[in-house]
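Below you'll find the structure, written out as structure tokens, and then a few comments.
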Amino acid sequence: MLKIAVQKSGRLYEESVKLLKECGIHLNNGNKQLRTTAENFPLEVFFLRDDDIPQYVFDGVADIGIVGENVFLEKNKALDLVYRLGFGKCRLSIAIPKEKQYASVEDLAGLKIATTYAHLTQEFLLKNNIDAEIHEISGSVEIAPGIGLADAICDLVSSGSTLFTNGLKEVETILSSEAVLVATKDLSAEKTILLDKLLMRINAVKMARNNKYILLNAPNHQLENISAILPGSKSPTIVPLATAGWSSIQSVVNENDFWEVIEKLKALEAEGILVVPIEKMIM
Ligand code: ATP
Ligand code: ZN
């Protein structure tokens, strides 16, 4: 049985549970117990505060965990980062009152910086050779400059609206973060097999989210040109249509190139283009 720690409630909870669900793992946590066992995969799930997850995985209470990279790096535990999950994106940034001048990182020298990320802030200051004071607090960091507790803050930002409403401006980004899957360094052979199975499923879900299935009709004289821009997993599937001189083409397109590919297809006389979401994708 593999034991996984996920956030009990908060910004990573929904996506973590959704990911397991899309991996075909059914959880029975309707009433939000602290732990639950999956019905159809040898997985036990622990619901914890995100800050505690690195420690629990390090201590072997859980074998793996889903946590923000920011928390993983701040806690500085010797764990393996096994997969970048692509959700919970945010950045850890230094911000100062918006009316203050700021030209370069040197302007942080001598300031008092409030943060819950003392370790990462210290690392950043050391790397840049800046002598500043770190004031570690446990929450509501964004109000610290306004109440005279600090000159600057180092905190998580996504849209920047919290900074804005507190009269602050972002001046340095010290980390770009997303949710990651971490694992203990001494996983048994049996658990490693289970982790590999889980990773195969996570990968299939992630690939499916990033790709679309595309079907279109095209005149035969364009087939070669169209095949060249639609690599698919190997090469596109081409089926002749009942109408002479025409074929149906099927392939997979990455979300990132999607609109560009559609424009090229139109230029190559493609018609009746259908785009379909993919449920799972196994390479
Ligand atoms: P807990 O009760 O588990 O300690 P928390 O209040 O510390 O929860 P959340 O605010 O739920 O934590 O954030 C969890 C994680 O979500 C963060 O560590 C970070 O990785 C990610 N995250 C994404 N966007 C943001 C954001 N705008 N602000 C804060 N965290 C964010
Ligand atoms: Zn937390």
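For ligands, and for the atoms within them, numbers begin at 1 and follow the listed sequence. These values consider heavy atoms only, across backbone and side chains, with no hydrogens, waters or symmetry-generated copies.
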From Arg11, Glu74, Lys8 - option closest to atom 25 (C) of ligand 1 by heavy atom
Arg11
From the candidates Leu12, Asn70, Leu92, Val157, the one that places a heavy atom nearest atom 17 (C) of ligand 1:
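The option holding the nearest heavy atom is Asn70.
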Any luck finding a side-chain donor-acceptor pair between Ser93 and Glu170 under 3.5 Å?
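Present: a donor and an acceptor within the cut-off.
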Modelled atom types, side-chain donor and acceptor of Glu74 and Asn70, under 3.5 Å:
no
Quick check on contacts: which atoms of ligand 1 are under 4.0 angstrom from a heavy atom of [X]?
X: Gly10; answer: 11 (O)
X: Gly88; answer: 21 (C), 23 (C)
X: Val71; answer: 18 (O)
X: Gly68; answer: 20 (O)
X: Ser158; answer: 26 (C), 27 (N)

Around [atom], find the nearest protein heavy atom and jot down its residue, atom name and distance.
atom: atom 30 (N) of ligand 1; result: Leu156 CD1, 3.2 Å
atom: atom 14 (C) of ligand 1; result: Asp50 OD2, 3.4 Å
atom: atom 24 (N) of ligand 1; result: Cys90 CB, 3.4 Å
atom: atom 2 (O) of ligand 1; result: Arg49 NE, 3.7 Å
atom: atom 8 (O) of ligand 1; result: Gln7 NE2, 3.0 Å

If the contact criterion is a heavy-atom separation under 4.0 Å, does Lys89 count as touching ligand 1?
yes
Tell me, do Ile113 and Glu133 make a side-chain contact under 4.5 Å, heavy atoms counted?
no
Sub-4.0 Å protein heavy atom near atom 6 (O) of ligand 1:
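Flag for atom 6 (O) of ligand 1 set to false, no protein heavy atom closer than 4.0 Å.
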By the definition salt bridge (charged side-chain N to carboxylate O under 4.0 Å, His left out), identify the one residue from Lys206, Lys89, Arg84 that meets it with Glu178.
Arg84
Please answer: with hydrophobic residues joined when any side-chain heavy atoms are less than 4.5 Å apart, are Val275 and Ile229 in the same cluster?
yes
Checking Asp196, Asp186, Asp63, Thr184 against Lys191 for side chain to side chain donor-acceptor pair (under 3.5 Å), the one that qualifies is Asp63
Angle subtended at the Zn ion (ligand 2) by OD1 of Asp50 and OD1 of Asp51, to 10 degrees?
70°
Looking at Lys185 and Asp80, is any side-chain nitrogen of the basic one under 4.0 Å from a carboxylate oxygen of the acidic one?
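Answer for the salt bridge query: yes.
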Please check if the side chain of Lys100 supplies one atom and the backbone of Ala152 the other of a donor-acceptor pair under 3.5 Å.
no
Test your reading of the model: is there a side-chain donor-acceptor pair from Glu172 to the backbone of Ile174, 3.5 Å cut-off?
no
Ser177, any N or O under 3.5 Å of ligand 1 N or O:
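No; the residue has no nitrogen or oxygen that sits under 3.5 Å from a nitrogen or oxygen of the ligand.
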Decide whether an N or O pair under 3.5 Å exists between Glu69 and ligand 1.
no
Looking at every heavy atom in both Leu27 and Phe47, which two are closest together, and how far apart are they?
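Looking at all heavy atoms of both residues, the closest pair is CD1-CZ, 4.5 Å.
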Look up atom CH2 in Trp246 and atom CG in Asn220, then write down how far apart they are to the nearest 0.5 Å.
9.0 Å
